[in-house]
2 protein chains.
Amino acid sequence: MEYKPLYTQIRDQLVRRLVEGEWSPGMLIPSEMELARQMGVSQGTVRKALDVMTAENLLIRRQGKGTFVAQPEDSRILFQFFRLVPDNGQPDFPRSEVLSRTSSSATPAEADDLEIGAGDSVWRIERLRHLAEERILVETIVLPTERFPDFPEAEDMPNNIYQLFSARWRITIAQAEERIKAVAATSADAALLGCAKNWPLLRIHRVAKDLENKPVELRVSRCLTDNIHYAVNLR
Amino acid sequence: MEYKPLYTQIRDQLVRRLVEGEWSPGMLIPSEMELARQMGVSQGTVRKALDVMTAENLLIRRQGKGTFVAQPEDSRILFQFFRLVPDNGQPDFPRSEVLSRTSSSATPAEADDLEIGAGDSVWRIERLRHLAEERILVETIVLPTERFPDFPEAEDMPNNIYQLFSARWRITIAQAEERIKAVAATSADAALLGCAKNWPLLRIHRVAKDLENKPVELRVSRCLTDNIHYAVNLR
DNA sequence: CAGTGGTCTAGACCACAAC
DNA sequence: TTGTGGTCTAGACCACTGC
């Protein structure tokens with residue numbers, strides 16, 4: 001019972017040090033040898049823990065240079081959470097236009113997704129996103145007020161909102177679960193996206209989680225997929 | 001240039017032995033020690049190769065028992081290529097009803113996806129699939145005749161068509177790429193699915209590839225997502 | 001009990017980057 | 001040249017399985 005290999009214990013200790021802010025995104029962490037000395041295990045065990053964390057996209061290792069904390073700007077993980085690509089052409093990152101930011105209370109469904117109490121205070125952000133001058137999606141982002149104090153005063157929201165989470169609240173998005181459906185455009189969405197009412201849209205319901213696997217963000221996107229698609233690789 | 005670590009060379013040799021049918025799905029392969037002796041490397045190098053193949057879902061390892069070739073029926077990989085789950089309730093495997101099987105020639109787009117010549121002969125299968133008595137999707141499967149001789153004489157198609165590929169033509173589906181869009185139901189699809197014309201459907205365009213990464217199957221599914229969704233986990 | 005994979009260690013050498 | 005991660009080896013012990 002409860003048996004955990006040494007390397008996963010080492011991994012958990014290292015994640016703990018990340019969560020507590022000992023190392024920030026982009027920083028060089030100590031070498032394998034140094035960590036092995038600090039933690040009293042062999043270099044091979046540290047290596048296995050680091051390999052696991054690299055597979056989890058938490059670290060980036062460079063031969064000859066060292067091991068670095070991954071950051072949302074790293075090209076390797078830029079598209080980790082953005083799977084919409086043009087049917088013809090290269091993947092590109094969309095620019096965003098904030099339509100509104102309001103404070104309200106969580107619906108029961110939202111509270112369930114975010115694992116907070118029904119009626120708890122949340123921020124609600126509406127964004128319209130463009131890819132190469134085309135409107136491609138409108139999305140609603142719901143954030144628990146408790147995890148994101150002072151949100152309205154935040155500087156202008158960057159394209160990649162997870163950069164802001166990281167820089168301002170030290171929150172790293174490590175994982176997300178998406179549920180995808182096809183839905184008919186509402187009048188409101190149709191007006192924003194410039195399509196006909198009832199036009200088929202891809203609805204992406206995302207719950208994003210932090211390093212400790214606790215839900216941090218709920219996001220529902222409605223996408224026009226006339227010239228783009230959602231790409232998935234099954235292995 | 002062209003440098004490949006020893007363990008990837010070992011992995012490639014083992015995949016070769018799989019492709020050539022030395023070991024069949026479900027079979028026990030030799031132990032790490034035995035393979036190390038056969039191939040003239042250390043047990044650790046074999047282990048790394050086996051770990052890679054396990055991560056690729058090609059092998060299943062059981063402590064105390066040995067290493068086995070993965071088979072399409074293994075519960076772990078049953079849902080590897082089927083991501084549609086009910087909004088409420090447990091994942092389940094759909095039953096299938098074949099609507100038609102015909103022989104025709106590949107359109108240019110199909111030929112491109114399958115990496116065959118335009119106009120090459122293909123089989124075309126239409127299926128309607130049900131989940132818990134509900135019609136959930138209609139799909140068109142396109143297979144190159146060259147890879148699947150005698151297809152029409154094949155015994156009744158099982159629910160899981162990849163079992164048939166494996167058992168009858170020794171073809172293992174190792175990977176698939178899916179492109180997802182929202183589309184409006186055509187009259188034909190609406191009639192088959194029992195929904196209104198122009199009702200929003202999830203369109204899944206899949207190219208499935210074998211162990212050597214060559215395209216084997218093209219499949220386009222149109223799904224009713226009123227009570228189910230397509231689940232994705234981003235890490 | 002013997003045999004398997006799983007973990008852990010220790011040390012060697014290689015490839016790469018920075019100085 | 002020095003230090004890093006990447007690969008490879010060899011051997012020890014543990015946990016699980018089946019006899």
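Proteins come first, then strands; the chains are lettered A, B, ... in the order of their sequence lines, and each starts at number 1.
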Problem set entry | Side-chain N,O (Thr45(B)) to OP1/OP2 (dT9(D)) below 4.0 Å | yes
Exercise. Can you find a pair of side-chain heavy atoms, one from Glu97(A) and one from His130(A), that are under 4.5 Å apart?
Worked result: yes
For this session: Starting from P on dC8(D), measure out to NZ on Lys48(B) and report it in whole angstrom.
Result: 8 Å
Problem set entry | For atom CZ of Phe68(A) and atom P of dT4(D), their distance in whole Å | 12 Å
Problem set entry | Chi angles and distances behind the side chain to side chain contact (heavy atoms under 4.5 Å, CB included) call for His229(A), Val85(A) | CA-CA 6 Å; His229(A) 61 266; Val85(A) 303; 3.2 Å; yes
Exercise. So which of residues 25-35 of chain A are in contact with DNA chain D, with a heavy-atom cut-off of under 4.0 Å?
Worked result: Ser31(A), Glu32(A)
For this session: Counting heavy atoms from C-beta on, name the nucleotide in dC8(D), dA15(D), dA15(C) closest to the side chain of Gln63(A).
Result: dA15(C)
Problem set entry | Phosphate-side-chain proximity, Arg62(B) and dT4(C), N/O vs OP1/OP2 below 4.0 Å | no
Problem set entry | Rounded interatomic separation in angstrom, taking CG from Asp51(A) and C1' from dC8(C) | 15 Å
For this session: Give a yes or no on whether the backbone of Leu50(B) and the side-chain of Thr54(B) come within a donor-acceptor separation of less than 3.5 Å.
Result: yes
For this session: Check the angle between the aromatic planes of Phe165(A) and Trp169(A) and answer parallel, tilted or perpendicular using the 30° and 60° thresholds.
Result: perpendicular
Exercise. Atom CD1 of Ile10(B) and atom P of dT9(D): how far apart are they, to the nearest Å?
Worked result: 8 Å
For this session: Would you mind telling me which of dG18(D), dC16(C), dT9(D) lies closest to the side-chain atoms of Leu6(B)?
Result: dT9(D)
Exercise. With a 4.0 Å cut-off, would you call Lys209(B) and Glu177(B) a salt bridge?
Worked result: yes
Protein and nucleotides 10-12 of chain D: nitrogen or oxygen contacts under 3.5 angstrom:
none

Exercise. Do we see a donor-acceptor contact under 3.5 Å between the side chains of Gln9(A) and Gln13(A)?
Worked result: no
Problem set entry | Nucleotide dT9(D), atom P - distance to OH of Tyr7(B) in whole Å | 13 Å
Problem set entry | Whole-Å distance separating the CG atom of Leu59(A) from the C1' atom of dG5(D) | 13 Å
For this session: Nearest 0.5 Å please: distance from the CZ atom of Arg203(B) over to the CG atom of Leu202(A).
Result: 12.0 Å
Exercise. Would the number of heavy atoms belonging to other residues, nucleotides or ligands and lying under 6.0 Å from CG of Asn227(B) be above 12?
Worked result: no
For this session: Starting at atom CZ of Arg61(B), determine the distance to atom C1' of dC16(D), rounded to an integer number of angstrom.
Result: 14 Å
Exercise. Can you find a heavy atom in the side chain of Thr145(B) that is under 4.5 Å from one in the side chain of Asp120(B)?
Worked result: no
Exercise. For Lys65(B) and dG18(D), is the shortest distance between a side-chain N/O and OP1 or OP2 below 4.0 Å?
Worked result: yes
